[in-house]
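Structure record follows, encoded as structure tokens.
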There are 2 protein chains.
Amino acid sequence: MNINKVKNIISESGLKFTHQRMVIYKSIVDAENHPTAEHVFDSIKTQNPSISLGTVYKTLDTFVNAGLIQKFVDNKGVMRFDAILEAHSHIYCRKTNEISDYQNKALELMLKDFFEKHKIEDFEIDEISIVIKGQKVQ
Amino acid sequence: MNINKVKNIISESGLKFTHQRMVIYKSIVDAENHPTAEHVFDSIKTQNPSISLGTVYKTLDTFVNAGLIQKFVDNKGVMRFDAILEAHSHIYCRKTNEISDYQNKALELMLKDFFEKHKIEDFEIDEISIVIKGQKVQ
DNA sequence: GTGCGTGCAAATCGTTTGCAGATAG
DNA sequence: CTATCTGCAAACGATTTGCACGCAC
């Protein structure tokens, strides 16, 4: 993703635009999988040696609160970050420990429909996500 | 749950039966929600002052490996334990931070059916669970 | 100029580890 | 008797915090 676009995204959400925020946001958006704070730090520290891991944590948190990215906790209890705001469902591979997004409109509709018919007593559902565990084959 | 039943469950799974294992297992089975290791420790330490938190962690891990209980990681990255082996889906309340089990045969069948029709490429699914987030009302 | 952002180091929290002594089978 | 289990304390990894300085607006 190019610098101007990133600058717009950050500024428009009411945050000050800084170099650190730029590289951190870019790192998340460009990441293939769901990076941890440490992953982000590693991916940017060569180009930005003075950046601090604490800043990465604080900045990621700021982004989450601003709604720019989302976070979730993986199987091992480590925070993962993701710039795709729509996807909530994940596939965990026991073999490689990879985590991939799973998106399927039909499934979402089916679930929405199911829970409209099967309300949970005294509970208002905000979000439903699916966790698929298994392993890669071949 | 009564002592003899617990003793049988532990012994039959090939583990030595000890007082610590008994109270820890009982604590999980009798727990209403999904206790953390700390919760288990707190719930038993008054009656068993010499028990150690490290032992609680090790014992819970032993039980998980023996298939007696299951564990999962909550929103905050903390391990939770559960003696109900069948239930995999959970309801998280944003307001109270409570975690409840959700079990519904029809939903399970529907999901099983869905993923039989929509195979994930090069991936073998072992387990599907649902995470419902929202809040209690009234 | 002012308030928010950053870097650093220390602190915290949940969890794991290593080891010496205790105990179930 | 012996392998396994327990208790303790120290170590660990991920994350948070406090504070002085720096920089975007």
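Letters A, B, ... mirror the listed sequences (proteins, then strands); counts begin at 1.
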Nearest-nucleotide comparison on DNA chain C, the residue closer to the 5′ end among A/Gly14 and B/Arg80: A/Gly14
Report the residue (B/Leu15 or B/Gly54) whose heavy-atom-nearest nucleotide on DNA chain C is the more 5′ of the two. B/Gly54
For [X] and [N], give me the distance from atom [atom1] to atom [atom2], rounded to whole Å.
{"X": "A/Gln20", "N": "C/dC4", "atom1": "CD", "atom2": "C1'", "answer": "13 Å"}
{"X": "B/Lys71", "N": "C/dT16", "atom1": "NZ", "atom2": "C1'", "answer": "11 Å"}
{"X": "B/Asp74", "N": "C/dG14", "atom1": "CG", "atom2": "P", "answer": "10 Å"}
{"X": "B/Met22", "N": "C/dA24", "atom1": "CE", "atom2": "C1'", "answer": "14 Å"}
{"X": "A/Tyr25", "N": "C/dG5", "atom1": "OH", "atom2": "P", "answer": "17 Å"}
{"X": "A/Ile24", "N": "C/dG7", "atom1": "CD1", "atom2": "C1'", "answer": "12 Å"}

Along DNA chain D, 5' to 3', what are the outermost nucleotides having an atom less than 4.0 Å from a heavy atom of chain B? D/dA3 to D/dC8
Can you confirm whether or not the ring centre of B/Phe115 sits under 6.0 Å from the ring centre of A/Tyr102? yes
Of all pairs that satisfy salt bridge (charged side-chain N to carboxylate O under 4.0 Å, His left out), the ones with a partner from residues 11-28 of chain B, not counting sequence neighbours: B/Lys26-B/Asp30
Are side-chain heavy atoms of B/Glu127 and A/Arg94 found at a separation under 4.5 Å? yes
A side-chain contact here means heavy atoms from C-beta on lying under 4.5 Å apart; do B/Ile99 and B/Asn33 qualify? no
Any base atoms under 4.0 Å from B/Ser50, or only sugar-phosphate, or nothing? Heavy atoms, all strands. sugar-phosphate
Hey, does B/Thr55 reach any base, or is it just sugar-phosphate, or nothing, if we go heavy atoms under 4.0 Å? base
On the nucleotide C/dA24, are OP1 or OP2 found under 4.0 Å from the side-chain N or O atoms that B/Arg21 carries? no
Given C/dC8, is OP1 or OP2 found less than 4.0 Å from the side-chain N or O atoms of A/Ser52? no
Hey, can you pull the residues of residues 57-64 of chain B with a non-hydrogen atom under 4.0 angstrom from DNA chain C? B/Tyr57, B/Lys58
Nearest to the side chain of A/Thr18 - C/dG3, C/dT15, C/dT6? C/dT6
